[in-house]
*Asks:* 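My structure is below; once you've seen it, I'll send some questions.
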Amino acid sequence: MFEFFIVKPIFNLLVFVYAILPGHNFGLAIIIFTIIVRFLMWPLIKKQLHHAKAMRELQPEIKRIKKASKGNRQQESIMLMALYKEKEISPFGTIGILIVQLIILLGLYSGLRRVVDDPQMILDFTYSWLQNLPWLQELSADITKFDETLLGFVDLTRSAIGQGGTYWPAMILVLGSAVTQYYSSKQLMPTDENQRSLKEILKDAGNGKQADQSEVSAATGKTMRYLIPFMIFFFTVGLASALALYWFVGGLVAYLQQSRVLNQDKEELLTVADNTKDDVIEGEVISKPKPKKQNKKKSSASKAKRRKKK
């Protein structure tokens with residue numbers, strides 16, 4: 001079921017891009033495929049970014065709740081749930097989005113693995129209607145026409161470290177994947193110069209001092225900012241560089257998408273601030289003519305008295 005519903009559709013989208021692309025370069029097809037996937041996932045990614053930003057902004061309130069509860073876990077949980085409900089935020093709201101991204105990555109890896117092991121799979125694993133495309137018809141006649149490189153510079157079937165030693169073009173892609181992941185993670189992390197490291201928190205906890213959970217979470221996030229790029233490097237360095245290319249391009253697009261969302265949030269805050277100032281000014285203007293309304297009432301009352309006299 002995973003192959004039928006996940007691997008095959010993802011793989012066939014990649015093959016479709018490859019077949020209609022002028023020049024039919026597999027590396028360029030992976031780059032365009034990655035951009036398409038990231039933009040198809042834009043609504044989910046945007047929701048994830050807004051959620052992460054909202055959770056980050058709640059950290060001071062969460063810290064105050066933890067101090068107010070004074071170690072009472074039940075009271076702390078009730079207050080936190082009330083806070084999340086008030087702000088309309090789910091603490092587990094991004095899990096589904098992360099799962100979707102992981103499924104796409106696993107599906108793509110499985111498809112690429114087939115092509116790396118046997119280029120003939122680019123024909124055998126595609127839908128029948130795709131096999132009628134002109135370029136795939138040419139490949140069926142001569143599979144040696146399949147170009148598995150990135151513009152002739154990087155052999156995407158080779159790994160960064162293999163039997164032949166270090167393959168530096170692939171190593172550059174692997175390092176690029178780790179670097180882009182680091183900066184895209186750093187982009188979402190709060191900057192606090194007074195924030196303690198996880199090592200310092202654990203050291204104080206060993207001395208009997210109770211650690212604040214929000215501080216532990218922030219320190220853990222800072223540690224993961226370095227750990228995840230290392231894991232990506234360790235994971236991709238022994239795999240075909242086609243996957244490293246996907247991760248590298250995906251990281252670049254993610255960084256640009258995050259920059260756009262964060263800049264939009266700043267513009268929205270400035271707009272709200274400007275509107276608030278305008279409301280205050282309008283409030284002052286509206287408050288001045290109130291005496292005139294009272295004068296109108298007096299004049300209408302005097303007119304009524306005159307009518308009575310008449």
*Asks:* Less than 4.5 Å apart, any side-chain heavy atom of Tyr246 and any of Tyr109?
*Replies:* no
*Asks:* Taking the side chain from Ser177 and the backbone from Leu173, do they hold a donor-acceptor pair closer than 3.5 Å?
*Replies:*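 A pair under 3.5 Å: yes.
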*Asks:* For residues Pro229 and Ala178, report the shortest heavy-atom separation together with the two atoms involved.
*Replies:* CB-O, 3.4 Å
*Asks:* Mind checking whether Ile10 and Leu14 have side chains closer than 4.5 Å, heavy atoms only?
*Replies:* no
*Asks:* I'd like to know if Asp118 and Arg114 make a salt bridge, using a cut-off of under 4.0 Å between side-chain N and carboxylate O.
*Replies:*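 No, Asp118 and Arg114 are not salt-bridged.
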*Asks:* A quick test of your reading: do over 12 heavy atoms of other residues, nucleotides or ligands sit less than 6.0 Å from CH2 of Trp168?
*Replies:* no
*Asks:* State whether the side chain of Ser159 and the backbone N or O of Ile161 hold a donor-acceptor pair below 3.5 Å, judged by distance alone.
*Replies:*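 Yes, the answer is positive, given that a donor and an acceptor are paired below the 3.5 Å cut-off.
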*Asks:* Measure the CG-CG distance between Leu108 and Leu243 for me, rounded to the nearest 0.5 Å.
*Replies:*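 These two atoms lie 6.5 Å from each other.
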*Asks:* Could you check whether atom CZ of Phe39 has more than 12 heavy atoms from other residues, nucleotides or ligands sitting under 6.0 Å from it?
*Replies:* no
*Asks:* Using 30° and 60° as the class limits, which term best fits the ring planes of Phe16 and Trp129: parallel, tilted or perpendicular?
*Replies:* tilted
*Asks:* Can you measure from CG (Leu139) to CG (Leu133) and round to the nearest 0.5 angstrom?
*Replies:* 10.5 Å
*Asks:* Just wondering, do Thr126 and Phe11 contact through their side chains at under 4.5 Å, heavy atoms?
*Replies:* yes
*Asks:* Could you tell me whether a side-chain N or O of Gln120 sits under 3.5 Å from a main-chain N or O of Ile143, the two making a donor and an acceptor?
*Replies:* no
*Asks:* Does Gln131 use its side chain to pair, donor to acceptor, with the backbone of Leu123 at less than 3.5 Å?
*Replies:*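 Looks like yes, one N/O pair under 3.5 Å.
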*Asks:* Strictly distance-based, threshold 3.5 Å: is any side-chain N or O of Asp147 a donor or acceptor partner for the main-chain N or O of Phe26?
*Replies:*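 Judged by distance alone, no pair lies under 3.5 Å.
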*Asks:* Within a reach of under 6.0 Å around CZ of Phe2, are more than 12 heavy atoms found that belong to other residues, nucleotides or ligands?
*Replies:*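 Result for CZ/Phe2: enclosed.
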*Asks:* Let me confirm one number: the CG-OG1 distance from Leu112 to Thr157, rounded to the nearest 0.5 Å.
*Replies:* 11.5 Å
*Asks:* Which heavy-atom pair separates Arg38 from Ala254 by the least distance, and what is that distance?
*Replies:*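 Shortest heavy-atom separation between Arg38 and Ala254 comes out as NH2-CB, 3.1 Å.
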*Asks:* Of the non-hydrogen atoms in Trp247 and Gln181, which two are nearest, and what is the gap between them?
*Replies:* NE1-OE1, 4.2 Å
*Asks:* So, taking the atom named CG in Leu136 and the one named CZ in Phe146, what distance separates them when rounded to the nearest 0.5 Å?
*Replies:*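 Interatomic distance, Leu136 CG to Phe146 CZ, rounded to 0.5 Å: 10.5 Å.
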*Asks:* Within the 4.5 Å heavy-atom criterion, are Leu21 and Trp135 side-chain neighbours or not?
*Replies:*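 Contact flag for Leu21/Trp135 side chains = no.
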*Asks:* Testing the basics here: between Val116 and Ala240, what is the closest heavy-atom pair and its distance to 0.1 Å?
*Replies:* CG2-CB, 3.7 Å
*Asks:* Do Tyr182 and Phe233 have their ring centres less than 6.0 Å from each other?
*Replies:* no
*Asks:* What I'd like to find out is whether the side chain of Phe235 reaches to under 4.5 Å of the side chain of Met231, using heavy atoms alone.
*Replies:* no
*Asks:* State, to 0.1 Å, how close Gly111 and Val7 come at their nearest heavy-atom pair, and which atoms those are.
*Replies:*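 Between these two residues, the closest heavy atoms are N-CG1, 4.0 Å.
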*Asks:* Search all heavy atoms of His24 against all heavy atoms of Tyr18 and return the closest pair with its distance.
*Replies:*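 Between these two residues, the closest heavy atoms are O-CE1, 2.9 Å.
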*Asks:* Check for a donor-acceptor pair, side chain of Ser241 on one end and backbone N or O of Arg158 on the other, with a separation under 3.5 Å.
*Replies:*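 It does hold such a pair.
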